[in-house]
Amino acid sequence: MLAFLIRRITQSAVVLLVMSVLVFVGVFYIGNPIDILIAPDATPAEYARAVSELGLDKPLWEQYFVFLKGALQGNFGNSFVYNEPALQIILTRLPATLELAFTAMFMAVFLGIPLGMVAGIQHDNWIGRNIMRFSILGFSLPTFWVGLMLIIIFSVQLGWLPSGGRGETVELMGIPVSFLTWDGLRHLILPATNLALFKTSLAIRLSRAGVQENLQMDYVKFARAKGLSNTRIIGLHVMKNIMIPVITVLGMELGNLIAFAVVTETIFSWPGMGKLVIDSIGVLDRPIIVAYLLITVTMFIFINLLVDVFYSILDPRVRLGDER
Amino acid sequence: MRKQLLVVVAVLACLTLGISSALAKDLTLGLKGEPTSLDPHFHNVTNNNQQALYLFDKLIRQDSRQKLQPGLAVTWKPIADTTWEFKLRKGVTFHDGSPFTAEDVKFTLERIPNVPNSPSSFTFAVSAIKEVEIVDPLTIRVHTENPAPLLPRMFASFTIVSKKNAQGMTTEDFNSGKAAIGTGPYKLVEWVRGDRTVYARNDAYWGEKSPWEKIIIRPITNDGTRVASLKSGDVDLINFVPPADVKHLEKDSGIKLSKSASTRLIYLHLDSNRDVTPTVTGNDGSVIKNPMKDSRVRKAISKAINREAIAARIMEGLAIPASQMVPDGYAGTSTKLKAEPYDPQGAKALLTEAGYPDGFKITIHGPNDRYVNDGDIAQAIAQMLTKVGIRTEVNTMPKAVYFGRASALEFSLMLVGWATDTGEQSNCLASLLHTYDKEKGFGASNRGRYSNPLVDQKLEEALVTVDPAKHNQLIIEATEIGIGDTGIVPIHYQVNVWGSRKGLAYNGRTDGYTLPREIIVK
């Protein structure tokens, strides 16, 4: 286990280093940010001054090494447009994104799994079929379209829920959250629903397949023969068995939710990291883009590692390390 | 069942009440962008400059048509060729109660060129200054190296900060609100990046009293969401209503649209200096001499463009065909210049005369996320040019890629926009039509590298002529020469649209700013 962890961490460091080069070079070749940042009527002297203040006059390799040196000390450089540390700006936006992602995941788990189990048990009647129809919609409709539809229906037509923004927040252990206030909760519902739609469909399909597969199994037949109630068989024994794949997949999807909530955040003007990175790409704010991508990569590496470790705990047949 | 229904009704009632109970004394604005900083001297860009005016004041204000009006300075006049005297307003205080004096002005002028890491500063506005002399607490004299007729214009571009509160402070201190203390109509309550900025009325304000106790600004970058927020009543007023939504919003009885011409010019820059230009070839693909060095070819391109059609169809009526760099009626505009009429026959004749009876091949480059319908405009222009024999391809790209390549002179024909900050024409002449000159600081955005010694000479003379009439005359002459020679091809001025809930209207501004003092309550 320890050897496995050490090897994985070393590998991760190499992946991060390679990614940092790719991202840095890629962002460098998109274009010169100064042409977007500077007022068009700035004189050439002013232009030159801004270029040198932002360190853009240095060759690529030198810029990279300045960046790398800072990054190793946890400093990803100052944002060009905010003039504050890039990492700090991203971290202040992180709680909003996490809140949205976790709410969406919560909805996916607590709606998707029960619905999927119902669909699995009642697979031949209208309830099961309608649940499956819903999941097909959830899979195939584009997020931005659903988002706009939600706004048009629930904000514009019915006027029940706000169309965007985060609403009132309160501090929970120093972190602003909106789910603890009524106003904040109302702001959270639509974007979280929009983000949860795909994951809910995924949970429905996974748990339906799991239920159908398990119901055929001998242990279920045996339990039935023993006279256990249907509720107990499904609620306890089947449930336990379908949870492993569902949780594994959803766990990995959580990374996607956090990293790629971009579309939902933009449509609902939710002040999270996704919106920040879109705005930053618009003005080529290199330090933010680079820091964001590296944070995302780190997060995925970490989540994958966790999933591997948990898997080995949940299922003793899975061994970490070399199987020769 | 009945009980459940009651619960549902009760919940719904709460939700709806929550919306209608929004305080009537508050005003919520949904704006397309957000400032990058609350430090008014850090980043010279529209979103920052606009929101700086909530907290701070300028010495000299620009009215909604960008004419100069007294601000913190009540009068200004040249007392010698190289000296301007400003009389300051009496009885003005900063948000913390400290009085506004000449010291604050001097401090501001000295701070502007020294803001660290500024991606775009206001240094241009103070670079002419040699010395700032405080005569008494309410009088300053600004001495310049050379005569500076545009000094008041320049002083109308930045806001005044408080020496007491801003000395030794960084941009971060402004962002946190610690140093964001001005003389403006509103005080800062909080700024939550990406979500909202909240302002409270400054009851001690020297100027017009605002009817709202609180103003909340929400940045909503997505066009569809911004319109939806207005329709749902989440916000009271939005800016930059997208042209495609104008028609259906006009039919909505709960919404009022306000339109205003802007100084945002959409124009073409043509590579008119190099012998060989990157994207021009002969019809057979062979390398040819740059045809756009010939002013007849440039004129032909201008004549081939149907500006009325672009304004009517692509811009849905929200554009005004342009004749020069700033709209008619502004300082330094020529009354002789008219928008070039659509004349394909004339264009063909000019091309033949210039030795291109069969035209040539060219690519038009443009951004696709910067100006209203920019990609579509480039497409339309390409079709119009192809019609007169110039076979034109289109290549549009995100602004993040486009501007860097355009400044690196990779393009031959490019679609660009320009909005004057100073509200007069010399600033456009200096950046777009004057020969590129790094030393003297001219031609910064002259991406076609147009060069005409006559334009240069008239402009440079105007820039040291303090007498307003003479100054204006020289600017007009320079404009007539440069535009007459088709140094750039003006297409149109954008029209901005604001949308508000019933009971409010917006007196549009040509600079596109959304300011509380222009909001009309009915």
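Below, chain A is the first sequence line, B the second, and so on; all start at residue 1.
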| said: What part of B:Arg405 gets within 4.5 angstrom of chain A, counting heavy atoms only: side chain, backbone, both, or neither? | reply: neither

| field | Exam field: side chain B:Asp195 to backbone A:Arg166, donor-acceptor pair closer than 3.5 Å | value | yes

| message | Would you say that A:Asn83 contacts B:Phe42 through its side chain, given a criterion of any heavy-atom pair below 4.5 Å between the two side chains? | response | yes

| note | Among A:Asn32, A:Leu284, A:Asp279, A:Val81, the residue with the most heavy-atom pairs under 4.5 Å to chain B is A:Val81

| Approximate separation, where rounding is to 0.5 Å, of A:Ile151 CD1 and B:Lys231 NZ | 12.5 Å

| said: If we define contacts as heavy-atom pairs under 4.5 Å, which of B:Ser445, B:Gly194, B:Pro219 has the most with chain A? | reply: B:Gly194

| request: May I ask you to test the A:Ile89-B:Arg193 pair for a side-chain heavy-atom distance under 4.5 Å? | output: yes

| field | Flag, side chain of B:Arg196 to backbone of A:Gly165, donor-acceptor distance under 3.5 Å | value | no

| Under a 4.5 Å heavy-atom cut-off, does chain A meet the side chain of B:Val115, its backbone, both or neither? | backbone

| message | Minimum heavy-atom separation for A:Ser155 and B:Ser232, please, with both atom names. | response | O-CB, 3.2 Å

| Where on B:Val45 is there a heavy atom nearer than 4.5 Å to chain A: the side chain, the backbone, both, or neither? | neither

| Which atoms of A:Tyr82 approach chain B - backbone, side chain, both or neither, heavy atom under 4.5 Å | both

| request: Heavy-atom pairs under 4.5 Å with chain A are the metric here; pick the option from B:Ala400, B:Gly404, B:Ser431, B:Ala444 that has the most. | output: B:Ala400

| Between B:Ala228 and A:Val156, which heavy-atom pair has the shortest distance, and what is it? | O-CG2, 3.6 Å

| query | Is there side-chain contact between A:Leu54 and B:Pro119, with at least one heavy-atom pair below 4.5 Å? | reply | yes

| request: Determine whether more than 12 heavy atoms belonging to other residues, nucleotides or ligands lie under 6.0 Å from atom CZ of A:Phe144. | output: no

| Nearest-0.5 Å distance, OG1 of residue A:Thr266 to CD1 of residue B:Ile220 | 12.5 Å

| query | Going by an N to O cut-off under 4.0 Å, is there a salt bridge joining A:Lys275 and B:Glu34? | reply | no

| request: Look at the side chain of A:Arg49 and the backbone N and O of B:Ser118, then say whether any donor-acceptor pair between them is shorter than 3.5 Å. | output: yes

| remark: Bottom line for B:Asn48: the part with an atom under 4.5 Å from chain A's heavy atoms is neither

| Is there a side-chain contact between A:Leu37 and B:Ser120 (heavy atoms, below 4.5 Å)? | no

| note | Counting heavy-atom pairs under 4.5 Å with chain B, the top scorer among A:Ile36, A:Ile34, A:Val51 is A:Ile36

| field | Side chain, backbone, both or neither of A:Ile267 within contact of chain B (heavy atoms, under 4.5 Å) | value | both

| remark: If one checks every heavy atom of A:Ile30 against chain B at 4.5 Å, the contacting part turns out to be both

| said: When you compare the side chains of A:Glu46 and B:Ser121, does any donor N or O come within less than 3.5 Å of an acceptor on the partner? | reply: yes

| note | Looking only at B:Asn117, B:Thr46, B:Asn222, most heavy-atom pairs under 4.5 Å shared with chain A are made by B:Asn117

| task | Output yes when a side-chain donor or acceptor of B:Asp234 lies under 3.5 Å from a complementary backbone atom of A:Ser163, and no otherwise. | result | yes

| Region of B:Ser229 in contact with chain A, defined by heavy-atom distances below 4.5 Å | both

| request: Decide yes or no for A:Pro85 and B:Glu172: does some side-chain heavy atom of the first lie under 4.5 Å from some side-chain heavy atom of the second? | output: yes

| query | Given a strict heavy-atom distance threshold of 4.5 Å, which part of A:Asp183 is in contact with chain B: side chain, backbone, both, or neither? | reply | neither

| Under 3.5 Å, is there a donor-acceptor pair between the B:Thr225 and A:Ser269 side chains? | no

| task | Please round to the nearest 0.5 Å and tell me the distance separating atom CD1 of A:Ile281 and atom CG of B:Asp369. | result | 11.5 Å

